[in-house]
Number of protein chains: 2
Amino acid sequence: MRAGLTASRPGGRQQHGTNDLGKDTGKGSGPGRRGGYNGFSYADISDAIGIRKASIHHHFPTKAELAAVVVDRYTQQAQRGLKSLSQQVPAPAEQLQAYLGYWQGCILDAFQSFWVCAMLAGEMQMLPEDVASRVRAHFRNLAGWLTSILKAGTEQGKFQFNKLPEEEAQILMASVHGAMLSARALGDPNIFLVIVSPRIARLRAQNGQARPE
Amino acid sequence: MRAGLTASRPGGRQQHGTNDLGKDTGKGSGPGRRGGYNGFSYADISDAIGIRKASIHHHFPTKAELAAVVVDRYTQQAQRGLKSLSQQVPAPAEQLQAYLGYWQGCILDAFQSFWVCAMLAGEMQMLPEDVASRVRAHFRNLAGWLTSILKAGTEQGKFQFNKLPEEEAQILMASVHGAMLSARALGDPNIFLVIVSPRIARLRAQNGQARPE
DNA sequence: GCTTGATTACCTACTAGTAGGTAGGTTCAC
DNA sequence: GTGAACCTACCTACTAGTAGGTAATCAAGC
């Protein structure tokens, strides 16, 4: 089984006159060029995992379904990660720090679950509804987790802020996303911490230590 | 004219039995579905401006060149806008407010220059270098403008912050980008102001008025 | 233990349509 | 008459998706 593969294809689709003027249209060739909803194809996946295109269609009939499952899985993965983080690391401040650490890892590796969802968020208005709704859910989850961390932090007297925890969580989340975007756009990973660190510092600042903003 | 084309192809491709079960593959049909580097095509532009695909190639031989020119133009447009804003509106605080107002307009209209560049920033690692470098330039310009506004504001005693203006500018820029992303992802335009307003308020806060952050 | 029959996973071969891009011709202003 | 702007007609490669087949697995039913 799984013998012939494409190499030994007999009479199928002899292209017009294409003898190896490769052309390199700038797509598909080489890695690191793809991403986002329009940036991948069944063929890409087929190449990557070594299973034929049609077989992928067997499992995920349409691209929208495929993307929805991917985002679903990423969301669940992220949720599990955040949950276990909450359980293993007791201090809210450290949880937040670990969260940021994860994001820092995303700066260079674009295929982390968080970043995939963030990138799709940028394409929101052109996503199939099934995908968009899942990206929305991912953002809600993230905001929810951050809110709970902030609440726990204030209850323990570790954090202090004069907004609603929900609002502060939104601010934090946006800060991280914006910082990622800037770090990538400017090609400078340091930018991430320049932007994000002060936010965290401020949360802890007014906590008796009178740390200057 | 415009006779033959594919319709009159002689021996080619008669399909199984697929008569007009439209299927709607989810692409190309309907507006508002496209964006980003992989999200538009020469054909799209051709349809939009009523000039044939080949003619667009005459002006912009490759897609990378086309995108580079678009980003260039958007960058220049943004720069002109920011410059005239600096000239027409004297107060730094109002300039900042106008800047945010512009972004608010982007929440619903995805084809504003700022947002196009922000979206491309999300795709940074898969952009042709000629495009990526221009997106980088756009971000640098934006940061530069914000820095100058912040400097002017502090010199006039209107703003106060204990970081470098460059850093504060980066924070502000990231805040706006992140806020846009959240507003779009969550489908809630209000989120934008929830995130961004406090930042602006804080800049002015310590300015004698002791406005609670 | 065998044979069924359904289910599953995967395959080859194909489809219509679209992608970016090119060849070569026409039209028109300078 | 030169050159830019624009065109038709075409190209190859790739897109999502389909048709239909093969091999393996597994639960009956005998």
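Quick caveat, the model's predicted, so the values are computed rather than measured. Sequence lines set the chain letters: A, B, ... in the order given, protein chains first and strands last, and positions in each chain run from 1.
Salt bridge annotation for A:R134-A:E129: absent, with no cationic side-chain nitrogen under 4.0 angstrom from a carboxylate oxygen. Between A:K151 and A:E168 there is no salt bridge, since no side-chain N of the basic residue sits under 4.0 Å from a carboxylate O of the acidic one.
For the pair B:S41 and C:dT18, the criterion of a side-chain N or O lying under 4.0 Å from OP1 or OP2 is not met. At C:dC11, one or more side-chain N or O atoms of A:S55 fall inside 4.0 Å of OP1 or OP2 (strictly under the cut-off). Within the structure, every side-chain polar atom (N or O) of B:H58 is placed at least 4.0 Å from both OP1 and OP2 of D:dC6.
Taking atom CG of residue A:N38 and atom P of nucleotide C:dG17, one finds them 20 Å apart after rounding to whole Å. Computed from coordinates, the A:I45 CD1 to D:dT15 P distance equals 11 Å when rounded to whole Å. Between A:Y37 atom OH and D:dT15 atom C1' there is a gap of 12 Å when expressed in whole angstrom units. The separation between B:L66 atom CG and C:dG20 atom P is 10 Å, rounded to whole Å. Following rounding to the nearest Å, B:I49 (CD1) and D:dA5 (C1') show an atom-to-atom distance of 12 Å. With rounding to whole Å, B:F60 atom CZ is found 15 Å from D:dA4 atom P. Summarising the geometry, the separation between CD on B:E65 and P on C:dG20 is reported as 14 Å, rounded to the nearest angstrom. To the nearest angstrom, P of D:dC7 lies 9 Å from CD1 of B:I56.
Picking from D:dT15, C:dC10, D:dT18 the nucleotide with the shortest atom distance to the side chain of A:H57 gives D:dT18. Listed nucleotides D:dA5, C:dG20, C:dC11 differ in distance to B:K53; the shortest reach to its side chain belongs to C:dG20. The side chain of B:Y42 approaches C:dG20 more closely than any other nucleotide in the set C:dC10, C:dG20, D:dG17. Out of D:dC6, D:dT15, C:dC10, the shortest distance to the side chain of A:I51 is found at C:dC10. Among D:dC6, C:dC10, D:dA16, the nucleotide with an atom closest to any side-chain atom of A:K63 is D:dA16.
Contacts of B:A54 with the nucleic acid, taken as non-hydrogen atoms under 4.0 Å apart, include base atoms.
Within the cation-pi definition used here (under 6.0 Å to the ring centroid, within 45° of the axis), A:R140 does not qualify as a partner of A:W145.
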Check the interface with nucleotides 28-30 of chain C: list each N/O to N/O pair with the protein under 3.5 Å, or write none.
none

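Not counting sequence neighbours, the partners of A:A169 by the side chain to side chain contact (heavy atoms under 4.5 Å, CB included) test are A:L146, A:T147, A:L150. Qualifying side-chain hydrogen bond (donor to acceptor under 3.5 Å, both in side chains) partners for A:T62, counting only residues two or more places apart in sequence or in other chains: A:E65.
Here the side chain of B:S55 pairs no donor or acceptor atom with the backbone of B:I51 at under 3.5 angstrom. Counting only distance, with no hydrogens or angles, the side chain of A:Y37 and the backbone of A:A64 share a donor-acceptor pair below 3.5 Å.
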